[in-house]
Amino acid sequence: MNRAVRIFVFLICVWSLIPVVWCGLASLKSSEELARIPATLLPADFTLQHYIELFTRRPFAAYYINSLVVSSLSAFLCVAAAGLASYRLARSPKRFRSAVSSSLLVMAFFPPIVLLFPVYEIIRMFGLVNQPWGLILPYAALNLPFATWLLTGYMELIPYELEEAAAVDGLGPFAIFRRIVAPLAMPAMTSAFLLVFIFSWNEFMFALTFMNLESARTLTAGMATLSGAFSQEIPWGLLAAGVMASTIPLILAVFVFQRKIVAGLTAGGIKE
Amino acid sequence: MLWIAAAFILSLRMPGANPEGALSVLMEPDGTGTWRMLIAQFEKENPDIPIQMVEGPPATNAREDLYAASFLSGKAGFDIVYCDVVWTAKFAAAGWLRDLTDRLSRQDLNDFLPQELEAGSYKGRVYRIPAFTDAGMLYYRKDLVESPPVTFDDLERQARQLQNGNRWGFLWQGKQYEGLTTVFLEILWGFGGEWIDAKTKQVYLDSREAVKALEFLKKTIGTISPPAVTSYIEEDTRTLFQAGRAVFLRNWPYVWTLVRESPVKDKVAFVPMVHAPEESSAATLGGWGFAVSETSSRVEDAWKFVKFITGTEQMKVMYERMGRIPSRRSLVPAEFVPIIEKARMRPAIPEYAQASDILQRWVSAALTGRPGCEEALKKAAEETRALLGHAK
Amino acid sequence: MASVRLVNISRRFPDGSLALSNVSLEVEDREVVTILGPSGCGKSTLLRIIAGLDHPTGGEVWINGRPAAGIPPRSRDVAMVFQSYALYPHMNCYQNLALNLVLKKVPREEIDRRVRETAEMLEIGDLLDKKPRELSGGQRQRIALGRALIRNPQVFLFDEPLSNLDALLRERVRHELKQLFARIQATVIYVTHDQVEATTLADRTVVLDRGVIQQAGTPETLYRMPANTFVASFIGSPAMNLIDARLEAGKLRIGERQIDTGLDASGIFRIGVRPEAIRIADGMPAKVALVENLGARFLIEARVDGVPLMVLADERPAADSLQLQIDPKDIHVFDKESGKNIRSALDSRRIHP
Amino acid sequence: MRKARGIVRNLQQAGWYLPAGILLFLVFVYPVLRTLVLSFLHVNLESGFQPVFAGLSNFGRLVSDTRFYRSMQATLVFVSVSVLLEFVLGLALALALEQLKRSGRFFRTLLLIPWTLPTAIIAILWMWFFNDQYGAVNDLLLRLNVIEAPVAWLAQPRSAMAAIILADVWKAFPFVLIVLVAGIQAIPREMYEALEIDGGTYWHKFRYVTLPHLLPFIFVAVIFRIIQAFAVFDLVFVLTGGGPGGKTETISVYSYYTFLRYMDFGYGSALVLVLAGLLALIGWTLYTLLLRHYEPGR
C-alpha cells in the first residue's frame, strides 16, 4: 500500500516538473541540436547562446525590469489599500462586513475580459497607455478583492484590546494601524504581497493590450510576441531560454516563501 | 521598502513613448537587416527626420492587433504604418489612416501595379502606398516532375506518383489563420468560385465551386499532404520542402530566394497555381505598403519617408536582399510576371478580419473533422451574410 | 491624581440591548473603587466609557472636574490594564513600557530612567529585552501593570487583571496590588467578577448587575447590609441561604421553631441567612444531607423540615442529625417581588450618602 | 454638536476605504456600468466608433450567433473535463501525501511550482511539447511505440482540446491539492483515533471522517476552479488561438477578438455581459447548492 502511494506521488512529481526541467535543459542546447530528430535529452553541446541572445537581440532586460516594477508596485499598492480597508472592515458590524465580503467575492470572480475594454478606455483617458502605471493600477485593483478578503480574515484575529491599549497609550487611529495593526498583520500582508506579485507577474491579457510598445512590455506579453503562436521562424532555443529566464524568479520564490504562499492560498480559499 | 522606492522611481521615468523627435513605425522582424539599412539611408538623406523602427512580432495578425491597440489608445503610437493589403479597408474605415490620394504623382499612379493600388484604396481614395507585392504560387521539384501540373487533377496525380515514405506530395498552409484563407481562395478561384463581392457585399461561399474547392483540399490531407498540414504555416512547409521532403509546395515568392541556398537549390522551379480544366489560375494578392497615421503630428515628414521607402531604388534593394517582388510594373522580374498577373485581391471591406475568421474557422473545421464540406460552407456563408448585414 | 464622576451614564448597543442604565458614581481623588458583577453586567463597558474607548448613549463622564465628552482616549491621561494584558506582541517589554512616553516625546534619558525605575519596582528588570510571547502569565501581568504605572496617569483603570492567573498566583498578586495601591496613592477603578478581589482591594465596592448599580459601599456594608438578594448572594462565600418563607407578624417559622425578626410584616418573603451565621447548638432539629470538606471548615447541607440550609461548621457532624440555632439579627428579609432588603430599605439613607 | 461629530467620524471612517474604493471604482464599478451602456449601442467600424443606439439588437444578434454557441460549447467542455480531472488528481494526491506525512511538505513545494508559473509563458512550452516535428510528446510516444507516426496534436480539434485540458490540469491541480491538504490537516486527529478504537478500516476513516470534513474544502476548491476555468484566456489564446476550426475557442477568446480585432465594442460588450451573467448564475447556484449549507457555525 505505502509503496504504491510512494510511486504514485513520485510519478505525479515527475509529471509536474518534467516540462520545466526539459525546458531548462533545452535552453542550454545549440539550435542545431534542438532541430535534431529524435531529440536529445541532455545537452550534447552546452551553450549559453540563447540566453545571451535573449538579452542582446531582444529587449528582454526591459521586459524584466517592467515586470519587476509593475509587479512590485501593484502588489505594494494593492496590499496597502487592502490593508487600510480590511482593518476597518474587520472592525465593523458583522452585517456590513458580510455584505462587503460578498460583493468582494463577486468582484474577485469577475472574468477580466469583461473589464478589459472599459479599463483600457480609462487608462487611455489618463494617458497611461505604455506607462507602467497603466498596468500597476489595474493589477492592484484586480487583486484588491482577493487581498482585502484575505487580510480581513486575519485582522479579525488581532485582539481588539491591543488597539484599545494603544488608544489609551496615546495613539491616534492611523497610528494604531501603522504601529500596532500593520506590524501584527505582517504575515498575512506578506502572503498577500507574494500572491499579488505572482498574479501580476503572470497576467497576460491586460499586458498584451495596454502595452503596445516593445519597451513597455512585461515578460508575459513580451514572451508571447517572441513565441511560436505568433511566429514563423519558431526560435525554440530562444523560447526555452525566455521561458526559463522569466519563470526562475517565481520558482525561487516558491522555494523561499513556500509556507507564506500556501498560507495565503488556503486562507483565501477557505475563509467563509 | 527600498526596493519599492526604487521601483517607484523607475516606474515614473520608464520610457513609455518614442524617443523625442523620431517618427516611429512598427515593422516585421528585420532578420536580414534590410529595413535597418534602408532607414539608415533615409536618415542620412534627411538628418532632421530620425526614424524609430520597432520590430514587431512575426505574425501579421499580431501586428495588426498591435496597430489597432495603439490607434485605439488615441495618442500617436506610430507615425507610419507598415500595412498589409487586408488591413487597409479596416484601418481606413476606422479613420486611422491619412488620405494620400492627392500626393501621388501621375507617374507613380501609372507605375504601381493596379491591383496593389486598388488594394491600398478604400472608397476610391488611396491610403496605402505599396512597397512590394506578393502572390501565391506553386513550387515544384523539377528534378522529379517532368512537366509541371496545370490542373488540380495533374497535381494530385503527379503527387501520388512521386511521393514515397520519405517525401510527401503537396504542402500547403492549413493552420487556422490568414494563410489558410489565402490558400483556400486560390483553390476557390481556380475552380471558378468567388467569396465576397466587396461592392455588393454578396456572399458566394455556398456555391458548388466552393464545395469542390474545399473537397479538393480535404482530399489531399493524409493522401498527398501530411496529416499535420492542418497545423502548418508558411515556414513549416518551407523547411520541409527545403529538406527535400515534398514534391509540391504552395507558398509565396520569398521562398524563391531562400530555396536557392538550400540542399535542393538547383532542383526547384515554380508555376502559377493549378486550376480546374475550364477555369484559369489565380493567386491571392498579398503585399505590404506604407501609410501615414491620421494621428501623427508630422504628416509631411512621415510622407517623405513613405515616398522614399516606396521608391524605385529601395524596391530593388528589397528584391535583391529579401526576395520581395517590387510593386512597380517596371521592376517586376520577368519570371514573376505571369504570377503577378493572376493575382487577385481579397475583398476590401472593413469587416475583413472577421469575415476571414469565419472562413478560416469553417474551412479548418471541415478539414479537421466534422462537419462535411457542404455544410461547413453553408454555415460560413450564413455567418458571413449575417456579419455583413448586421454591421449597420 | 484626579476624581471621576459618572452622571446618569447609559449605553445602548446598536442591537438594542441596554448595557448600562443610568449609572451614576463618584470616585474621589486617590480612592480605590472596585466594580463587581457577573460577566455581562456592563462593568467592562463602564470602564471603557471612562477610558474613552466606548461612548455613552446618555449621561456624562467628568474627569478631574472637566467633561470628557469628545476627548479621545489618548488625551484623557488614563492608564488601563487589560484582562488579556494587551501587550504589543511585536515589541519587546522595554518598548511596551516606553511607548506612551515616546509618544509624549519625553527625552530618551528620562524614558530610560523611568523604565528602569518601574521595572525595579515590579521586579521585571531582567525581562525588558524579551517579547511578550516569551513570558509566563504572571510576568506578562507585571509588564501590563508596568505599562500603566510608568505613565503616572490621573486615573488607573483595571479590567479583571487577575482573571488569567492561576489561583495561587492570583492571591499573591492581589496582595502585591493592595500594597501597590497603598504606595502609589492613586485613583483606581478596578473591575472584577471576583468578590474576594473586590472586597480586599477596595475602599469602596460597587455591585453592578444588568447595567444597574445594585449597591455601592464599603465591603463591610455590602456584607452586612446587602441591599437586595442579588448583592446578598453575590457577596460572601459560601453563598447566603435564600429560602421563601411565610412571616406572620414578623415571626418566621422554620420547622417547629419560631424566630422573631423584629419586623412588623406578614406574608411570603425571601429570607436570607449566611451559612456562617448558623450555629450548631440546641435549637431546630435538622438532618444532614451532605458534607463538603473545605479544609479548615466543613460545609454541611442540612434539611430542616425538608428545607435545605447550608451551614458552615468547624467540625464534621458526628451523627446524621443535628440541631441548629439562628440569631434573629442575622436574618435578612427581602421582598419576594423586588428582592429589596426590607430592613436596609428602611436604613437606605444611611447607606447611600 | 453630537451630529456634527458623527459626520466627522463617518468621514474619517470613509478615509480608510478611500484608496481601495477609488481603485475598485475605476477598475470594477465604472467598467461594468460602461459595458452595460455599450451593450445597448453600436460602436464599431461601421459606425466609425460613434455610438449609435442599438436597443437590444446586440443581444438579438447574440441569440443567432453560432460562433457564440460554439465558443460556449468549447468552454463548457474545457471547464467540465479539466475541473473534474483536477479534482480527482488533487484529491488522490492529497490523500496520498497524508499517508506519507513527513515528506509531504517537500512534495507540496515541488507541486506548487506549476501553479506559480505564468500561463501565457507555459503555454508556449506546451505548444513546443505538442509540436508534431520537434515536440517531446511525439518523441516519447514514438520511442514507446505507442504511435507509429508523429501526431499533429494541435491540428485536430479533439487532440487540441485535450492538449489545452492537459496543460490546464498540469497547472491548476496543485491549487486543488493545496486546499484539500489544508482541509485534511484541519481534521482533529482524535476523530481517527476514536474510529480506530471502534474498529474502523481505512475505508471507514475516509468515508466517515475524512470525506465529511473535507466536503466544504472540496466545494470551495471546485467552485474556485470552475469559475476561473470559465474565463480561461491565456492558455487558449497562446496555445491554439481558438483553432483548429474554432473548436477550442472559448468565450473569453471570442470576446477578445470581437473587441481588439473586429473592433466591435457594442457587440463585444453584449458578449462579455452574457459571460458575466452566466458566471454569476453558475457561481450563485453552486454556492447555494453546495456551500451555504456549510457556512454558519463551521
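First the proteins, then the strands, lettered A, B, ... as listed; each starts at 1.
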J.: For each of A:Ser16, A:Ala81, A:Ala221, tally heavy-atom pairs with chain D at distances under 4.5 Å, and name the one with the top tally.
T.: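 It is A:Ser16.
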
J.: Evaluate the criterion side-chain contact (heavy atoms from CB on, under 4.5 Å) for residue pair A:Val20 and D:Leu117; output intermediate values, then yes/no.
T.: CA-CA 10 Å; A:Val20 181; D:Leu117 303 184; 3.8 Å; yes

J.: Counting heavy-atom pairs under 4.5 Å to chain A, which of D:Leu95, D:Ile113, D:Leu18 comes out on top?
T.: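 The answer is D:Ile113.
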
J.: If I measure from the heavy atoms of chain D, does A:Ile122 come under 4.5 Å with its side chain, its backbone, both, or neither?
T.: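 Contact with chain D: side chain only.
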
J.: Under a 4.5 Å heavy-atom cut-off, does chain D meet the side chain of A:Phe174, its backbone, both or neither?
T.: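 Both backbone and side chain.
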
J.: side-chain contact (heavy atoms from CB on, under 4.5 Å), that's the test. Do A:Leu142 and D:Phe28 meet it? Break it down for me.
T.: CA-CA 8 Å; A:Leu142 283 176; D:Phe28 284 97; 4.1 Å; yes

J.: Using non-hydrogen atoms only, which part of D:Tyr30 is less than 4.5 Å away from chain A: side chain, backbone, both, or neither?
T.: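 Side chain only.
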
J.: With a 4.5 angstrom heavy-atom cut-off, which part of D:Ile178 approaches chain A: side chain, backbone, both or neither?
T.: both

J.: Taking all non-hydrogen atoms of both residues into account, name the closest pair between D:Ala276 and A:Pro111 and its distance.
T.: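 In terms of heavy atoms, the two residues are closest at CA-CG, 4.3 Å.
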
J.: So do the side chains of D:Leu23 and A:Cys78 get within less than 4.5 Å of each other, counting heavy atoms only?
T.: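 Result no, sub-4.5 Å side-chain heavy-atom pair not found.
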
J.: Looking only at heavy atoms, what is the nearest atom pair of A:Pro19 and D:Phe129, with distance?
T.: CA-CZ, 3.5 Å

J.: Chain A: which of D:Leu271, D:Thr119, D:Leu26 shares the most heavy-atom pairs with it under 4.5 Å?
T.: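 The residue among D:Leu271, D:Thr119, D:Leu26 with the greatest pair count is D:Leu26.
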
J.: Taking the side chain as everything from C-beta on, heavy atoms only, tell me whether A:Asn202 gets closer than 4.5 Å to D:Ile121.
T.: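 They are not in contact (no side-chain heavy atoms under 4.5 Å apart), so the answer is no.
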
J.: Determine, step by step, whether A:Leu115 and D:Val32 satisfy the side-chain contact (heavy atoms from CB on, under 4.5 Å) criterion, reporting the C-alpha distance in whole Å, the side-chain angles of both residues, the deciding distance to 0.1 Å, and the verdict.
T.: CA-CA 7 Å; A:Leu115 311 171; D:Val32 169; 4.1 Å; yes

J.: If you count heavy-atom pairs under 4.5 Å between each of A:Thr148, A:Thr209, A:Leu116 and chain D, which one has the most?
T.: A:Thr209

J.: Hey, are the side chains of D:Trp128 and A:Val243 touching, using non-hydrogen atoms and a 4.5 Å cut-off?
T.: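 They are not in contact (no side-chain heavy atoms under 4.5 Å apart), so the answer is no.
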
J.: Under a 4.5 Å heavy-atom cut-off, does chain A meet the side chain of D:Ile22, its backbone, both or neither?
T.: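 Answer is neither: D:Ile22 stays 4.5 Å or more from chain A.
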
J.: Heavy-atom distances under 4.5 Å only: say whether D:Phe25 touches chain A with side chain, backbone, both or neither.
T.: neither

J.: May I ask you to test the D:Phe233-A:Pro112 pair for a side-chain heavy-atom distance under 4.5 Å?
T.: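 Heavy-atom side-chain distance check fails, nothing below 4.5 Å.
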
J.: Check each atom of A:Ser86 against the heavy atoms of chain D and say whether the ones under 4.5 Å are side chain, backbone, both or neither.
T.: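 No part of it gets close to chain D.
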
J.: So A:Phe117 and D:Phe259, would you call those rings parallel, tilted or perpendicular, with 30° and 60° as cut-offs?
T.: parallel

J.: Do the non-hydrogen side-chain atoms of D:Val181 and A:Val262 ever get within less than 4.5 Å of each other?
T.: no

J.: Using 30° and 60° as the class boundaries, would you call the ring planes of A:Trp149 and D:Phe224 parallel, tilted or perpendicular?
T.: parallel

J.: Please state whether the side chain, the backbone, both or neither of A:Leu137 comes within less than 4.5 Å of a heavy atom of chain D.
T.: both

J.: Between D:Pro118 and A:Thr247, what is the shortest heavy-atom contact and its length?
T.: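 It is CD-CG2, 3.8 Å.
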
J.: How about D:Pro31 and A:Val114: do any of their side-chain heavy atoms sit closer than 4.5 Å?
T.: no

J.: Parallel, tilted or perpendicular: which one describes the rings of A:Trp15 and D:Trp126, with boundaries at 30° and 60°?
T.: tilted

J.: Against chain A, work out which of D:Leu110, D:Thr35, D:Leu93 has the most heavy-atom pairs shorter than 4.5 Å and name it.
T.: D:Leu93

J.: With chain D as the partner, which of A:Val119, A:Leu77, A:Leu105, A:Leu84 has the greatest number of non-hydrogen pairs under 4.5 Å?
T.: A:Leu84

J.: Which value, rounded to the nearest 0.5 Å, describes the distance between D:Leu260 atom CG and A:Leu208 atom CG?
T.: 8.5 Å

J.: Is it the side chain or the backbone of D:Leu166 that comes within 4.5 Å of chain A heavy atoms, both, or neither?
T.: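 Contact with chain A: backbone and side chain both.
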
J.: Is there side-chain contact between D:Tyr17 and A:Ser92, with heavy atoms separated by less than 4.5 Å?
T.: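 Yes - at least one pair of side-chain heavy atoms lies under 4.5 Å apart.
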
J.: Side-chain contact test, heavy atoms from C-beta onward, threshold under 4.5 Å: evaluate it for D:Thr109 versus A:Val254 and give yes or no.
T.: yes

J.: Quick one: what part of D:Leu279 sits under 4.5 Å from any heavy atom of chain A, side chain, backbone, both or neither?
T.: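 Contact with chain A involves the side chain of D:Leu279 alone.
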
J.: Give, for atom CH2 of D:Trp170 and atom CD1 of A:Ile18, the distance between the pair rounded to the nearest 0.5 Å.
T.: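 Between D:Trp170 CH2 and A:Ile18 CD1, I get 11.5 Å after rounding to 0.5 Å.
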
J.: Is A:Leu104 close to chain D through its backbone or its side chain, or both, or neither, when contacts mean heavy atoms under 4.5 Å?
T.: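 Interface part for A:Leu104: side chain.
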
J.: Could you check which of A:Ala240, A:Pro138, A:Cys13, A:Gly83 has the highest count of heavy-atom pairs closer than 4.5 Å to chain D?
T.: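 Option with the greatest count: A:Cys13.
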
J.: Count the heavy-atom pairs under 4.5 Å between each of D:Ala20, D:Pro19, D:Ala280 and chain A, then report the option with the highest count.
T.: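 The candidate making the most pairs under 4.5 Å is D:Ala20.
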
J.: Nearest 0.5 Å, what's the CG-CZ distance between D:Leu112 and A:Arg259?
T.: 13.0 Å

J.: By a 4.5 Å heavy-atom criterion (distance strictly below it), what part of A:Phe109 contacts chain D: side chain, backbone, both, or neither?
T.: both

J.: Relative to chain D, which of A:Val9, A:Leu195, A:Ile261 shows the most heavy atom pairs under 4.5 Å?
T.: A:Val9

J.: If you round to the nearest 0.5 Å, how far is CZ of A:Phe110 from CG of D:Leu275?
T.: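 D:Leu275 atom CG to A:Phe110 atom CZ measures 9.0 Å (nearest 0.5 Å).
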
J.: Rounded to the nearest 0.5 Å, how far does SG of A:Cys23 lie from CD1 of D:Ile124?
T.: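 The SG atom of A:Cys23 is 9.5 Å from CD1 of D:Ile124, to the nearest 0.5 Å.
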
J.: Which atoms of A:Val106 come close to chain D, meaning under 4.5 Å heavy atom to heavy atom: side chain ones, backbone ones, both, or neither?
T.: neither

